[in-house]
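The figures here come from the full heavy-atom set of this structure, side chains too, leaving out hydrogens, waters and symmetry mates. By convention in this document, chain letters (A, B, ...) are assigned in the order of the sequence lines, proteins followed by strands, and residues within each chain are numbered from 1.
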Protein chains: 2
Amino acid sequence: MKLMGISERKQKILHAVVTDYIQTAEPVGSRTISRRYRLDLSAATIRNEMADLEEMGYLSQPHTSAGRIPSQSGYRFYVDNLMDQAELTAQEEDYIRRLFLQLDKMREIDQIIQYTAKILSQLTNYTSLVLGPQFRRSAFKQLRLIPLDDNKALVVLITDTGFIRNNLIDLPQALNQEELGRIISCLNEQLAGLTIEGLTAARLRQLRGTLYNRLDILEQTLNMLEEIRAESESRVYLGGTSNILNQPEFQDLAKVRRLLSLFEEGKRLNFLLETPVEGVNIRIGTENNLREMSECSLVTATYLLHGRPVGAVGVLGPTRMEYARVVAIIEKITSRLNDLLKAL
Amino acid sequence: MKLMGISERKQKILHAVVTDYIQTAEPVGSRTISRRYRLDLSAATIRNEMADLEEMGYLSQPHTSAGRIPSQSGYRFYVDNLMDQAELTAQEEDYIRRLFLQLDKMREIDQIIQYTAKILSQLTNYTSLVLGPQFRRSAFKQLRLIPLDDNKALVVLITDTGFIRNNLIDLPQALNQEELGRIISCLNEQLAGLTIEGLTAARLRQLRGTLYNRLDILEQTLNMLEEIRAESESRVYLGGTSNILNQPEFQDLAKVRRLLSLFEEGKRLNFLLETPVEGVNIRIGTENNLREMSECSLVTATYLLHGRPVGAVGVLGPTRMEYARVVAIIEKITSRLNDLLKAL
DNA sequence: TTTAGCACTCTTGCGGCGAGAGTGCTAATA
DNA sequence: TATTAGCACTCTCGCCGCAAGAGTGCTAAA
């Protein structure tokens with residue numbers, strides 16, 4: 001009796017509590033359930049079951065004589081076992097279609113990703129956060145130096161995944177074409193096969209040693225490489241920040257401030273989205289491993305570029321989140337996003 | 001007597017009220033002033049003067065028996081005539097020095113600007129907002145097409161101010177070098193002397209007509225140009241968003257939400273910073289011409305690139321802002337920023 | 001095993017009340 | 001005539017108590 005799993009009836013009641021609480025944000029009592037959900041049980045019976053569920057850790061009580069609210073494990077059980085699949089409404093479908101029309105015109109990948117964040121937040125009414133494509137694993141392909149005039153040249157870096165970065169550098173006066181060519185081809189040789197994240201300080205020092213002559217050009221180029229590596233780490237975009245204020249659990253200014261400050265620290269958000277696992281992922285409360293987010297849930301999904309998952313989009317809300325709806329939306333959006341990126 | 005200007009004594013009292021209210025955020029009463037400020041006047045006298053100042057529109061009363069708070073014109077008068085120059089503390093100077101050390105390493109101008117926003121907000125404890133350099137007025141200099149392999153090429157656009165953008169395009173199979181060269185030099189000819197903002201849809205249509213052959217490449221390049229123009233419009237970065245929550249005037253969630261939503265609409269922030277006038281500029285409350293900002297003040301300053309003002313940094317706070325301190329900080333920061341940009 | 005009934009607990013909203021702060025007015029003062 | 005002291009008045013704010021409402025756990029009956 002003590003160790004038995006969670007009975008069918010308990011599951012139904014848990015389901016009712018979770019969905020009701022998600023909707024109303026009010027602790028839900030036994031009366032409410034027996035009235036609103038067709039379980040054909042009296043309030044008293046439900047009360048007993050709820051007491052059990054509380055003891056099992058799936059529900060909790062804000063205070064003695066209030067209704068129950070789901071605990072973190074309650075949500076977890078709901079998400080894993082009880083949640084039913086949501087359908088998008090016709091309006092939502094339509095809305096997505098219209099917004100993606102805008103997207104079709106964009107070519108710049110970061111721009112697309114940013115706009116996706118906006119769509120996601122508008123559709124869900126939660127805050128969205130997306131991670132720009134991570135080029136850290138991209139392999140170095142080609143380094144080009146394009147003279148513009150007598151004392152300026154453009155250094156262009158290209159990776160196998162189509163990531164391009166460039167920078168202006170100053171050319172020293174006395175430098176002929178051949179020498180320039182030699183430096184570049186030497187650099188190309190040295191860099192061949194490296195990934196962006198492989199451009200460590202140590203590696204760059206090593207290169208500096210190899211190409212000790214013509215230090216001036218080299219210095220500028222290496223600086224550029226270092227910068228690219230540094231930059232490739234934090235590219236988190238947010239959408240609908242103000243939406244968190246719609247949630248009754250964030251009427252408390254202190255909580256809001258903590259979250260907002262967190263949002264400003266791009267670096268700390270990074271790892272939230274670095275899900276190596278493909279597909280939709282749900283992390284509830286403390287599962288996020290972030291103090292500030294212990295009362296938030298995050299639904300993420302990866303998107304693909306050249307067939308590989310290179311980034312993720314996510315929806316951030318209170319643990320009392322409309323999981324079913326959010327999952328449906330995020331699945332739809334990433335699938336459309338992937339189509340779009342395939343065409344790039 | 002009725003039409004006379006504001007007497008010296010009234011100015012002193014107004015000065016006291018404003019500084020005190022800026023510090024405490026509490027309506028300030030006559031007693032407080034006679035005690036805290038060495039005006040050698042009794043509370044009663046000050047009361048009379050304050051009643052006058054209220055009638056003149058410089059002060060107002062939240063309710064009958066409360067102290068006075070400055071009105072918008074009160075702040076305006078203070079800023080124009082009464083405000084004394086603030087000095088930075090040694091710690092602040094030191095802090096700035098340390099943070100700018102970080103900045104010295106950066107080469108990417110947008111990155112520098114963004115980091116400046118962060119410094120500004122940390123130093124002032126208000127929200128900062130900065131406008132990235134506007135390249136709209138930059139003149140077109142050169143368009144390059146660099147073949148990468150058999151079916152990809154890189155289009156590079158360069159302006160006279162050193163702004164660089166590039167894009168990958170697909171090359172059609174049958175296309176020899178000469179023809180490619182011809183297209184590019186033709187485009188260069190047509191674009192010569194144009195500014196970025198001059199790349200209007202009409203102009204692009206016209207180009208499309210001129211170069212009606214080889215439409216495929218052209219199309220992609222023109223799309224790129226259009227995108228650059230569109231993008232060059234909204235580049236506002238925010239720093240220290242959560243700082244507004246520290247202000248007692250923003251304990252009201254509704255107000256916070258309105259501001260946060262505004263922050264998300266980059267486009268609408270744009271014009272706030274498009275100050276054609278060089279130097280420090282203060283706009284108080286409704287002077288910002290933005291409903292959401294009728295209770296906020298904005299202190300802005302332009303920064304220079306190649307000797308021309310191309311963007312602005314700003315500090316956003318409640319009208320009850322520490323104007324003197326903010327002005328001192330913003331002057332310091334832009335001066336250092338300008339030095340930094342000169343070296344780029 | 002389920003359910004009805006009941007006593008008990010805890011939150012929430014509301015009205016009243018007193019303290020505190022500040023004002024405007026009047027009359028006294030320099 | 002300008003300044004100041006004194007005083008009655010007003011308004012906010014926090015606190016207290018109270019009643020209503022919602023929900024529980026327990027007991028006893030079905």
Atom-to-atom span, [atom1] of [X] to [atom2] of [N] - whole angstrom:
X: A:I33; N: D:dA22; atom1: CD1; atom2: P; result: 17 Å
X: B:I69; N: D:dT12; atom1: CD1; atom2: P; result: 14 Å
X: B:E49; N: D:dT4; atom1: CD; atom2: C1'; result: 14 Å

Residues which pass side-chain contact (heavy atoms from CB on, under 4.5 Å) with [X], listed by chain and number, not counting sequence neighbours:
X: B:K255; result: B:F250, B:D252, B:R258, B:E295
X: A:A51; result: A:R68
X: A:R47; result: A:S30, A:A43, A:A44
X: A:S71; result: A:S73

- Message: For A:Q72 and A:T319, which I'm curious about, is there any donor-acceptor pair between the side chains at under 3.5 Å?
- Response: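 No.
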- Given C:dT2, is OP1 or OP2 found less than 4.0 Å from the side-chain N or O atoms of A:R9?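 Indeed, a polar side-chain atom of A:R9 lies that close.
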- Message: If you compare every side-chain N and O of B:T45 against the phosphate oxygens of D:dT3 (OP1, OP2), does one of them come in below 4.0 Å?
- Response: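 So the side-chain polar atoms of B:T45 never come under 4.0 Å of the phosphate oxygens OP1 or OP2 of D:dT3.
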Report each atom pair, protein N/O against N/O of nucleotides 20-25 of chain C, whose distance is under 3.5 angstrom.
unit_1: C:dG22; atom_1: O3'; unit_2: B:A66; atom_2: O; d: 3.4
unit_1: C:dT23; atom_1: OP1; unit_2: B:S30; atom_2: N; d: 3.4
unit_1: C:dT23; atom_1: OP2; unit_2: B:S30; atom_2: N; d: 3.3
unit_1: C:dT23; atom_1: OP2; unit_2: B:S30; atom_2: OG; d: 2.7
unit_1: C:dG24; atom_1: OP1; unit_2: B:R68; atom_2: NH2; d: 3.0
unit_1: C:dG24; atom_1: N7; unit_2: B:R47; atom_2: NE; d: 3.0
unit_1: C:dG24; atom_1: O6; unit_2: B:R47; atom_2: NH2; d: 3.3

Which side-chain N or O atoms in residues 58-66 of chain A pair as donor and acceptor under 3.5 Å with protein atoms at least two apart or in another chain?
unit_1: A:Q61; atom_1: NE2; unit_2: A:T64; atom_2: O; d: 2.8
unit_1: A:Q61; atom_1: NE2; unit_2: A:A66; atom_2: O; d: 3.2

